[in-house]
Number of protein chains: 2
Amino acid sequence: MADIARHTEHRYGNRPTMKDVAARAGVGLKTVSRVVNGEPGVTPDTERRVQEAIEVLGFRRNDSARVLRKGRTATVGLVLEDLADPFYGPLSRAIEEVARAHGALLINGSSAEDPAREQELALALCARRVDGLIVIPAGDDHRYLEPEIRAGVATVFVDRPAGLIDADAVLSDSFGGARDGVAHLIAHGHRRIGFIGDRPRIHTASERLRGYRTAMEDAGLPVDDAWVSLGSTEPERVRTAVREMLDAAEPVTALFAGNNRVMVTVVRALAGHPRPVALVGFDDMELADLLGITVIAQDAAALGRTAAERLFRRLDGVDDVPERVVLGTTLLARGSGEIPPSAV
Amino acid sequence: MADIARHTEHRYGNRPTMKDVAARAGVGLKTVSRVVNGEPGVTPDTERRVQEAIEVLGFRRNDSARVLRKGRTATVGLVLEDLADPFYGPLSRAIEEVARAHGALLINGSSAEDPAREQELALALCARRVDGLIVIPAGDDHRYLEPEIRAGVATVFVDRPAGLIDADAVLSDSFGGARDGVAHLIAHGHRRIGFIGDRPRIHTASERLRGYRTAMEDAGLPVDDAWVSLGSTEPERVRTAVREMLDAAEPVTALFAGNNRVMVTVVRALAGHPRPVALVGFDDMELADLLGITVIAQDAAALGRTAAERLFRRLDGVDDVPERVVLGTTLLARGSGEIPPSAV
DNA sequence: TAGGGCCTGGACAACGTTGTCACCGGAGGG
DNA sequence: CCCTCCGGTGACAACGTTGTCCAGGCCCTA
C-alpha cells in the first residue's frame, strides 16, 4: 500500500489522465481519446458526459505521451545567436508566425555566439524530437547535425550558411549590400574609406568585406591595410579602430560599419569627433532614421518567413535538393552617407 | 509482413532506440540506459562497447519518452507579448541564462497582445508539461491557469501582475518611475504636461498614469483632460494625440511617453515641430542616448532574472506564499527632459 | 422474423524510456 | 570447501497516449 503510494507520488503533481476521465464519465479510455481529439463516432450524449468529466477534473492531455505515440511533435526549434540583438526580434517573430499558421510551436534558445553552445542546444532540441530546426549558425562546422538530418529532422539555416554540410540556407545579400553601400560613399566623392567589421570567421562578415573590396576595386581605388579592421564587436575594440583610422596621417573620410553592433559604437564615437565623417552601416535599427544614419537594410522578417516556409514545405514532404536563397538589401539614404569628404 | 512494415514506417524516420544500441553492443537495454545517463555500475569495457554502438548508429535519447517516464521535463515556458519589442529581448535573454544555469530549456511564444492567444499558448505549454511558466500577461483574467498551478506548474508573472488569481509577480515600479519622471519635468518649470500612454486595461499603463497624476497633484498642478491620451500604441493614434496637445489654445510644454513604442512615435512627431518640447519617456532604448532623450529606465534583465530565479526556487520545492516583487527604475537625464518651457 | 450491415464503444498493444528487482559469478571469510 | 556478499547486468513493468481490431446493439431489408 505504502509502495503504491510512493509509486505514484509526485508524478506531474498527480494530474488526471484519460483513464481518470474515463472512469469518472463511465466510458472507455479510447472514447475519451476520441472526444479530446475531436474524432468522429461518439454520441452527443457520451461526448457531453466526457466533456463534463474533463472540466471537473481539470484534465489536460499530456503531449509528451502523445508525441511518443505519434512520432510527430508539431514543434520546431530555433537556435539563434542572441535573443537580445534587435535584428533577431523581427526574424524570430516572423518564424513564429509561420509556425503558428502551421499549428506548430516554437522552442528557441540562443547560442551566445559560442559554437559549442550552438551544438549543445541544437542537439537538445533534437532530443526533444522537434520536427524541424532553424539555425542561425555561430560555428562553422555543422557535421554534428548529419545524423539528425538523416533521421528526418528538416533543417534550414538562416542569415549564415551551414558549414561542411549541404543544407538549405536563407541569406541576405551581404556582398551586394556592402558593395552598394561603399559604392554610394565613393559616388559622394570619398576615396579613403574605412571598413569595420565582425570576426572574419563569420560568413556575413567576410562577405561584406569582399563587397567593400570589390566596390573599391571597381572604382579603381587602392585599399590601405590600415583602413580595414576586423574583430569582435566589443565597443572598446571598435572605438579604438575608429580612432586609429581617423587619427592617421591620411585619415579616412568615410566609414562603413559591418553590422548593427559596430554601427552603434561607430555612431557614438563619431558624435565626439570634430570633423564630419560619412557613415554607412549594415542593418537598419529603430531610431536610426532620426539620427540620419544611412544604412543597408536587410528584411529580417522576410528572412525568417522565407526560412520557415521552406522548413514547412520540407515537413510537408517536398524533397528537393538543398538550396541557397539570397534576399536583396536596400540602401536607405538618410544623410550620414551623403556627407562629402572633408578637407583634412 | 506488409503489416509490420506499415507499422514501423515513418516513426521519427526510424531513429535508433536504446534497444537497437543494446542489440548492436550485445548488452541489455538497461545497461545502455545506464551509460547514456552516466549512472554508475558499468564496466569500462562495457561502456566503451555501448558508446561505440551509439556512435555508429547515431543514437540520440528520445526525451519525450524520458519525460513520460520521469514526470519532469526540465523545460520552462515563456509567454511574452511581442518577440520583436526590444524591451523583451534582454528580458527573455536573462530568463534563458537562468534556465540554462539550472539545466533547463526555454520554450517561448508570443501572445501578440491578444488575451485569447495568451491563453492558448500558455495551455499548449502546459500540455507539453513544462515544469514552470513565466508569463507576461496580455489579458487580465488568468483563472484559466488555476488547474495548472494546482497541478504543480510553477508560475511567475513578469512586467504585469496576474489577473484574478494569486500568483508571484515581478514588476517594475511603474507608478514611482512615472511620478519621478513627471516630477522631473515639473522641477524644470513645466506646468502643462501631457501624458500619452498605452491602453488603461494594461496594468503598467494605468500605474504610470497614476504616477503622472500623483506628481501633478503633489505639485499642486491641475490636470486638463485634454492632456491625457490613452489607447493603442499605433503610430497614427499617438501622432494625432501629440498634434492635438501641441496645437491646443494652451498647448502642453512637455510630454511624458508611457512606453517605448509611444516614445518612438513622439520623438518622430516632435522632430518636425517648430517649438522645442520637453520629453521624458518610460523605457530606455538603444540610440536614445545619442538622441538625448531623457528616460525612466527599467532593468529588463533584472526583471527576467528575478522572475526566473523565483520560478526555480519554487521548482526546488520552496513553497512560500505568492509575492509581488517590485524593482526600482532609474531616471537618465540626457537633455530632452531638461528643456525649459518655451513661451507659446 | 431472421440476417446483414453500420455505428458506437472498449480491450489491448505499442511508442522509448527509467525504476525495481532478481540473477549471476567471483571474492572473501568462516 | 561452502556460504555470504557484492558489483555488474538484464528482465520486466510502468509512464499516458493512440491505432487496431473486435463486440454488441441497432436499424433496415428480405
Side-chain angles (χ1 to χ4, degrees), chain A residues 2-4 6-23 25-50 54 57 59-74 126-129 151, chain B residues 2-4 6-23 25-50 54 57 59-74 126-129 151:
Chain A
D3 274 350
I4 294 174
R6 172 154 52 80
H7 214 75
T8 59
E9 206 170 280
H10 45 72
R11 174 150 240 80
Y12 301 130
N14 278 331
R15 289 190 92 122
T17 71
M18 285 193 177
K19 203 158 118 187
D20 301 325
V21 174
V27 301
L29 179 56
K30 180 64 210 211
T31 301
V32 176
S33 172
R34 273 193 268 263
V35 171
V36 169
N37 294 293
E39 288 170 27
V42 181
T43 346
D45 181 58
T46 310
E47 168 155 8
R48 197 186 40 69
R49 286 217 316 286
V50 172
I54 289 177
L57 297 176
F59 166 81
R60 183 125 16 239
R61 180 178 64 197
N62 184 331
D63 274 1
S64 288
R66 172 169 225 250
V67 159
L68 177 59
R69 187 63 232 258
K70 301 202 71 139
R72 276 286 180 117
T73 55
C126 290
R128 283 235 196 344
R129 294 295 186 269
Chain B
D3 275 351
I4 294 174
R6 172 155 50 82
H7 216 74
T8 59
E9 207 171 279
H10 45 71
R11 176 149 240 78
Y12 301 129
N14 279 330
R15 290 189 93 119
T17 71
M18 285 193 178
K19 202 158 117 187
D20 302 325
V21 175
V27 302
L29 179 54
K30 181 65 211 212
T31 300
V32 175
S33 172
R34 275 194 266 263
V35 171
V36 169
N37 294 294
E39 288 169 28
V42 181
T43 339
D45 180 58
T46 310
E47 168 156 6
R48 197 187 38 71
R49 286 217 315 285
V50 172
I54 288 178
L57 297 175
F59 166 81
R60 181 123 18 238
R61 179 179 64 196
N62 184 333
D63 275 0
S64 287
R66 170 169 227 249
V67 159
L68 178 60
R69 189 62 233 259
K70 300 202 74 140
R72 278 281 182 123
T73 55
C126 289
R128 296 254 192 323
R129 292 295 185 270

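Residue numbers start from 1 in every chain, and the chains themselves are labelled A, B, ... in the order their sequence lines are given, proteins ahead of strands. Values reported hereafter were calculated over all heavy atoms of this structure, with side chains retained and with hydrogens, waters and symmetry mates removed.
- Remark: the A:R34 side chain and the C:dG10 base include a donor-acceptor N/O pair separated by less than 3.5 Å.
- Counting any heavy atom pair closer than 4.0 Å across all strands shown, A:N37 reaches sugar-phosphate atoms only and no base atom.
- For A:L68, counting side-chain heavy atoms from C-beta on, the closest listed nucleotide (C:dT18, C:dG16, D:dT18) is C:dG16.
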Does the pair A:L29 and A:S33 meet the rule for a side-chain contact (heavy atoms from CB on, under 4.5 Å), with working shown?
-> CA-CA 7 Å; A:L29 179 56; A:S33 172; over 6 Å; no
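- For the pair A:N62 CG and C:dG16 C1', the interatomic distance rounds to 14 Å; values are reported in whole Å.
- At D:dT18, one or more side-chain N or O atoms of A:R61 fall inside 4.0 Å of OP1 or OP2 (strictly under the cut-off).
- Under the salt bridge (Lys or Arg N to Asp or Glu O under 4.0 Å) criterion, B:R49 pairs with B:D45, sequence neighbours left out.
- Nearest heavy atom pair, residue A:R72 against residue A:V67, reads O-CG2, 3.8 Å.
- Rounding to the nearest 0.5 Å gives a distance of 7.5 Å between CD1 of A:I54 and CE of A:M18.
- Over its full length, the helix from C:dT1-D:dA30 to C:dG30-D:dC1 turns its helical axis through 60°, comparing axes from the five pairs at each end and rounding to 10°.
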Identify all pairs in which a protein N or O lies below 3.5 Å from an N or O of nucleotides 26-28 of chain C, and state each distance.
none

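- Within residues 40-48 of chain B, the residues having any heavy atom under 4.0 Å from DNA chain D are, by residue number, B:G41, B:V42, B:T43, B:T46.
- The two residues A:A65 and B:L68 make their nearest non-hydrogen contact at CB-CD1, 3.7 Å.
- Each of A:A65 and B:T31 lies near DNA chain D, and the nucleotide nearest B:T31 is the one positioned closer to the 5' end.
- Rounded to whole Å, the distance from CG on A:D63 to P on D:dG16 is 14 Å.
- Every residue two or more places apart in sequence or in another chain that forms a side chain to side chain contact (heavy atoms under 4.5 Å, CB included) with B:A127 is listed here: A:R60, A:D63.
- With rounding to the nearest 0.5 angstrom, the OG1 atom of B:T31 is 11.0 Å from the CD atom of B:E47.
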Enumerate the protein-to-nucleotides 22-25 of chain C contacts in which both atoms are nitrogen or oxygen and the separation is below 3.5 Å.
none

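- As rounded to whole Å, 14 Å separates atom P of D:dT17 from atom CZ of B:R128.
- Distance, A:R72 CZ to D:dT17 C1': 18 Å, rounded to whole Å.
- Checked against C:dG9, C:dG19, C:dT17, the side chain of B:T17 finds its nearest nucleotide in C:dT17.
- Under the rule for a side chain to side chain contact (heavy atoms under 4.5 Å, CB included), the partners of A:A74 that lie at least two apart in sequence or sit in another chain are B:R128.
- Sorted by first then second residue, the salt bridge (Lys or Arg N to Asp or Glu O under 4.0 Å) pairs that include residues 27-44 of chain B, not counting sequence neighbours, number zero.
- Computed from coordinates, the A:L29 CG to D:dC21 P distance equals 18 Å when rounded to whole Å.
- The interatomic distance linking A:K19 (NZ) with D:dT18 (P) rounds to 15 Å, in whole Å.
- Between the side chain of A:K30 and the base of D:dG19, at least one donor-acceptor pair of N or O atoms lies under 3.5 Å.
- A:R15 contributes atom CZ, which lies 13.0 Å from atom CZ of A:R61 (distance to the nearest 0.5 angstrom).
- Residue contacts for B:S33: at a heavy-atom cut-off of 4.0 Å it reaches a base atom on one of the strands shown.
- Distance check, rounded to the nearest 0.5 Å: CG of B:N62 to OG1 of B:T17 gives 9.5 Å.
- Distances shown here put a side-chain N or O of B:K70 below 4.0 Å from the OP1 or OP2 atom of C:dG19.
- Among the protein residues, A:V36 comes within range of no part of the nucleic acid, since none of its heavy atoms lies under 4.0 Å from any strand.
- In this structure, A:D20 places its CG atom 9 Å from P of D:dT17, rounding to the nearest Å.
- Taking atom CZ of B:R15 as the reference point, atom C1' of C:dT17 lies 15 Å away to the nearest angstrom.
- Comparing A:M18 and B:V27 by the nucleotide of DNA chain D that holds the closest heavy atom to each, the one mapping nearer the 5' end is B:V27.
- Side chain of B:R69, nearest nucleotide from D:dG19, C:dT17, D:dT17: C:dT17.
- Minimum heavy-atom separation, A:V27 to A:V50: CG2-CG2, 4.0 Å.
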